[in-house]
Colleague: 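What follows is a structure written as structure tokens; I'll ask about it next.
Whatever order the structure lists ligands and atoms in, that order sets their numbers, starting from 1. Side chains included, hydrogens not; waters and symmetry mates left out as well; all remaining heavy atoms used. Keep in mind the model is a prediction, meaning the values are calculated, not measured.
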Amino acid sequence: MADKQSDIVVLGGGSGGYAAALRAAELGKSVVLIEKDKVGGTCLHRGCIPTKALLHAGEIADQARESSAFGVNATFEGIDMAGVHKYKDGVVSKNHKGLTGLIKSRGIEIVEGEGRLVGPKSVQVGDDTYTGANLILATGSYSRTLPGLELDGTRVIASEQALTLDHVPESAVILGGGVIGCEFASAWTSFGAKVTIVEALPHLVPLEDEANSKQLERAFRRRKIDFKLNSRFASVEDTDNGVRVHLEGGDTIEAELLLVAVGRGPASDGLGYEEQGIRVERGFVVTDEFLRTGVDGVYAVGDLISINGEPHLQLAHVGFAEGILVAEQIGGLPVVPIDYAGVPRITYSQPEVASVGLTEEQAVEKLGADNVKTVTYDLSGNGRSAILNTKGAVKLVAEKDGPVLGVHIVGDRVGELIAEAQLIYNWEALPGEVAALIHPHPTQSEAIGEAHLLLAGKPLHVHD
Ligand code: NAD
């Protein structure tokens, strides 16, 4: 039994926790990073990275099926799920090895085990206690379900099990048409499954600008992905070979399995947070905009938190940014709060949905309809989109005679374009300033340039 002291103890080695540890070590702090599973957390092992690998395998399957349209004779023979997992797990393990090496190379001590707060800045792991001058809580989130809907892990599953299925399901109902729901609907459809999404709100990816949601819905219809909007789950029962899902209103859908994708809850239960005076609401650790918990020297980052009680984006790159902000704050550097509207958001379905800044609805609410201008540039005018055979659009939301407030894009590979849109939003660029930038031809990034030419009143490849 030992009591070890360090400058900073970080509880949780996911995106938020390890980013804080890396930056703090860079600033000369002694850091202990406590992780019960593997460093890299949900994002690397059960989230972003493996899901995008599945989606990429799905894209290759679609390309094989559609190859003749490009004059290439290939035959699609099927999905070898063991082979897909080998590829996916290879990507994860390569990244995991790299990350572990990086953390160790910065002199950070990784403690393997489940930690629990036993003092305001003390974490117990097994028989040992780790006390920091500062403590950073970064215990992340878990897949939520609905009251009365039990995840049995085989017929009723969450994304964690969906990632390790040893076969392609013949059919699936996906509960929730948010990011996870739409990404799995896309990957499984590419693998050959028949998918139905059930979404309680009026649109898929309901947090997106409605124009983006509608573009995605159109594309999913073309891909024969069924979705039921304004539909709420009522109950599920087992059948001989799967599940029967009952919706409020009486509809039923039968499928091999039900994937529950109704959001992620904060992982805070039983960790001793409240006992140490840390404010927890609905499971979320409440912080201020500087990610301080209210207990001196205790900070929290990532999926675990709500800022001033407001919901907060559960994204790996938000975790990275918050981890860095806290480390720099502890290191005595000047920091500014994160503008969460300026964080890019991507749904990696086929097609992709990417956005940054305000939706039209949010801009109108903030400035009034008379002060908001929008334009839409259809990807049908873009040469590279035609080569890739993708449909979609770039929609801009701007203040009238003012800066760009939001960029919303749908199309294959457009996730890669949102980094430029991020600069446009965060630097409060005027339409004319972006219109003056020359975009490389032929790329889909030209659609961003064209949309700004249109917004600046000098459209190029646009029909009147
Ligand atoms: P989400 O909040 O994005 O979507 C959940 C959806 O379920 C919502 O649209 C909601 O209206 C719907 N829903 C809730 N209750 C319902 C009911 N009873 N019946 C029908 N529909 C219901 O959550 P998610 O997709 O589970 O993802 C969890 C978190 O992880 C999100 O914050 C997401 O942003 C993040 N994530 C991000 C990415 C990415 O950035 N590409 C990928 C995966 C997950």
Side-chain angles (χ1 to χ4, degrees), residues 14-16 41-56 140-149 151 156-163 173-187 196-208 210 212-213 216-217 226-236 245-249 251 253 258-267 284 302-307 310-321 340 343-356 410 414-416 418-419 422:
S15 307
T42 301
C43 167
L44 178 53
H45 300 283
R46 297 172 298 279
C48 323
I49 299 295
T51 324
K52 274 68 221 178
L54 282 194
L55 282 155
H56 184 61
S141 61
Y142 66 92
S143 292
R144 265 196 331 110
T145 182
L146 300 174
L149 174 57
L151 301 170
V156 182
I157 62 174
S159 56
E160 288 82 353
Q161 291 89 42
L163 276 170
V173 174
I174 298 182
L175 186 58
V179 187
I180 294 182
C182 288
E183 289 186 349
F184 274 100
S186 188
T196 307
I197 305 171
V198 175
E199 168 56 51
L201 293 173
H203 286 293
L204 295 179
V205 286
L207 298 180
E208 292 289 332
E210 197 174 285
N212 268 10
S213 294
L216 181 68
E217 288 162 10
D226 275 346
F227 47 89
K228 292 182 182 299
L229 305 174
N230 297 303
S231 295
R232 285 190 158 272
F233 168 86
S235 64
V236 62
V245 178
H246 297 262
L247 305 182
E248 285 180 7
D251 279 2
I253 317 164
L258 171 65
L259 167 63
V260 180
V262 294
R264 295 184 61 85
F284 290 99
D303 286 6
L304 171 70
I305 68 169
S306 76
I307 298 184
E310 292 293 317
H312 153 270
L313 286 172
Q314 292 176 312
L315 298 173
H317 44 291
V318 166
F320 295 146
Y340 289 93
V343 176
R345 310 164 290 258
I346 305 171
T347 303
Y348 295 83
S349 44
Q350 193 267 308
E352 293 183 343
V353 180
S355 63
V356 67
V410 176
V414 299
E416 301 290 346
I418 209 66
Q422 171 186 215

Colleague: Using a 4.0 Å cut-off to any heavy atom of V198, which atoms of ligand 1 qualify?
Modeller: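 Result: 20 (C), 21 (N).
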
Colleague: Under 4.0 Å from a heavy atom of L315: which atoms of ligand 1 are those, numbered in the order shown and with their elements?
Modeller: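 Result: 34 (O), 37 (C), 40 (O).
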
Colleague: Mind checking the CZ-CG spacing from F184 to L163? Nearest 0.5 Å is all I need.
Modeller: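 Here the rounded value is 4.0 Å.
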
Colleague: Can V198 and L247 be said to form a side-chain contact (heavy atoms from CB on, under 4.5 Å), step by step?
Modeller: CA-CA 9 Å; V198 175; L247 305 182; 3.7 Å; yes

Colleague: Can you list the atoms of ligand 1 that are under 4.0 Å from a heavy atom of I346?
Modeller: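 Near I346, meaning under 4.0 Å from one of its heavy atoms, ligand 1 has 39 (C), 40 (O), 41 (N).
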
Colleague: Is the contact between A200 and ligand 1 made by the side chain, the backbone, both, or neither, using heavy atoms and a 4.0 Å cut-off?
Modeller: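 Looking at A200 and ligand 1, atoms from backbone and side chain both fall under 4.0 Å.
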
Colleague: Side chains of P206 and E199, heavy atoms from C-beta outward: is any pair under 4.5 Å?
Modeller: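 Yes, close enough: below the 4.5 Å cut-off.
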
Colleague: Check D303 against ligand 1 and report side chain, backbone, both or neither, counting heavy atoms closer than 4.0 Å.
Modeller: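 Answer for D303: neither.
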
Colleague: Which heavy atom of the protein is the closest neighbour of atom 13 (N) of ligand 1, given with residue, atom name and distance?
Modeller: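 Of the protein heavy atoms, V262 CG1, 3.9 Å lies nearest.
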
Colleague: Using 0.5 Å steps for rounding, measure from the CD atom of Q161 to the OG atom of S143.
Modeller: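 Rounded to the nearest 0.5 Å, the CD-OG separation comes to 7.5 Å.
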
Colleague: Using a strict cut-off of 4.0 Å, indicate which atoms of ligand 1 neighbour a heavy atom of F233.
Modeller: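 Near F233, the atoms of ligand 1 are 19 (N).
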
Colleague: How long is the straight-line distance from CD1 of I346 back to NE2 of H317, given to the nearest 0.5 Å?
Modeller: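 So the NE2 of H317 and the CD1 of I346 are separated by 6.5 Å.
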
Colleague: Measure from the side-chain N and O atoms of S213 to the backbone N and O of L204, and report whether any donor-acceptor pair falls under 3.5 Å.
Modeller: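 Checked: pair present.
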
Colleague: Under 3.5 Å between some N or O of ligand 1 and some N or O of G263?
Modeller: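 Yes - when backbone and side-chain N and O of G263 are compared with those of ligand 1, one distance drops under 3.5 Å.
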
Colleague: Of the protein's non-hydrogen atoms, which lies at the shortest distance from atom 25 (O) of ligand 1, and what is that distance?
Modeller: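 Minimum-distance protein heavy atom for atom 25 (O) of ligand 1 reads I180 N, 2.8 Å.
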
Colleague: Considering the heavy atoms of Y348, write down every atom of ligand 1 situated less than 4.0 Å from one of them.
Modeller: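 What qualifies from ligand 1 is 41 (N).
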
Colleague: Below 3.5 angstrom, do we get any N/O pair linking V179 and ligand 1?
Modeller: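 N/O-N/O distance under 3.5 Å: yes.
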
Colleague: State which residue, out of L146, V245, T145, fulfils the side-chain contact (heavy atoms from CB on, under 4.5 Å) condition with L175.
Modeller: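 With L175 as partner, L146, V245, T145 yield a single side-chain contact (heavy atoms from CB on, under 4.5 Å), made by L146.
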
Colleague: Around atom 5 (C) of ligand 1, find the nearest protein heavy atom and jot down its residue, atom name and distance.
Modeller: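 Nearest protein contact, heavy atoms only, for atom 5 (C) of ligand 1 is A261 O, 3.4 Å.
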
Colleague: With heavy atoms only and a cut-off of under 4.0 Å, state how A316 meets ligand 1: side chain, backbone, both or neither.
Modeller: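 Under 4.0 Å from ligand 1, A316 contributes no heavy atoms.
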
Colleague: For a side-chain contact (heavy atoms from CB on, under 4.5 Å) check, start with the C-alpha distance between F233 and L258, then their side-chain angles and the critical distance, and finish with the verdict.
Modeller: CA-CA 11 Å; F233 168 86; L258 171 65; 4.2 Å; yes

Colleague: Suppose we measure from atom 4 (O) of ligand 1 to each protein heavy atom; which comes out shortest, and what is that distance?
Modeller: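 Heavy-atom neighbour on the protein nearest atom 4 (O) of ligand 1: G178 CA, 3.4 Å.
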
Colleague: Thinking salt bridges, do E217 and K228 make one under a 4.0 Å N-O criterion?
Modeller: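 Answer for the salt bridge query: no.
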
Colleague: Could you measure the distance from the OG atom of S231 to the CD1 atom of I197? Nearest 0.5 Å is fine.
Modeller: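 That separation rounds to 11.5 Å.
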
Colleague: What atoms in ligand 1 come closer than 4.0 Å to a heavy atom of R232?
Modeller: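 The atoms of ligand 1 under 4.0 Å from a heavy atom of R232 are 18 (N), 19 (N).
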
Colleague: What protein heavy atom sits nearest atom 18 (N) of ligand 1, and how far away is it?
Modeller: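 Of the protein heavy atoms, L146 CD1, 3.3 Å lies nearest.
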
Colleague: Ignoring hydrogens, just give me the one of R345, E208, R264 whose non-hydrogen atom is nearest atom 30 (O) of ligand 1.
Modeller: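 Nearest heavy atom to atom 30 (O) of ligand 1 lies in R264.
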
Colleague: If the cut-off is 4.0 Å to any non-hydrogen atom of G176, which atoms of ligand 1 fall inside it?
Modeller: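 Close to G176: 6 (C), 7 (O), 12 (C).
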
Colleague: Spell out, as yes or no, whether a donor-acceptor pair under 3.5 Å connects the side chain of T51 to the backbone of G47.
Modeller: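 Such a contact is found between T51 side chain and G47 backbone.
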
Colleague: Decide whether S349 and E183 meet the rule of one side-chain donor and one side-chain acceptor closer than 3.5 Å.
Modeller: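 Their side chains do not contain a donor-acceptor pair, so the 3.5 Å distance test is not met.
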
Colleague: Which residue and non-hydrogen atom of the protein lie closest to atom 31 (C) of ligand 1, and at what distance in Å?
Modeller: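 For atom 31 (C) of ligand 1, the nearest protein heavy atom is Q314 OE1, 4.1 Å.
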
Colleague: So how far is it from E160 CD to H45 NE2, rounded to the nearest 0.5 Å?
Modeller: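 It comes to 13.0 Å.
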
Colleague: Heavy-atom contacts with L201 under 4.0 Å: which atoms of ligand 1 show up? List them by number with element.
Modeller: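 That gives atoms 11 (O) of ligand 1.
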
Colleague: As a check for students: among E199, R144, E352, identify the option with a heavy atom nearest to atom 10 (C) of ligand 1.
Modeller: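 It is E199 that holds the nearest heavy atom.
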
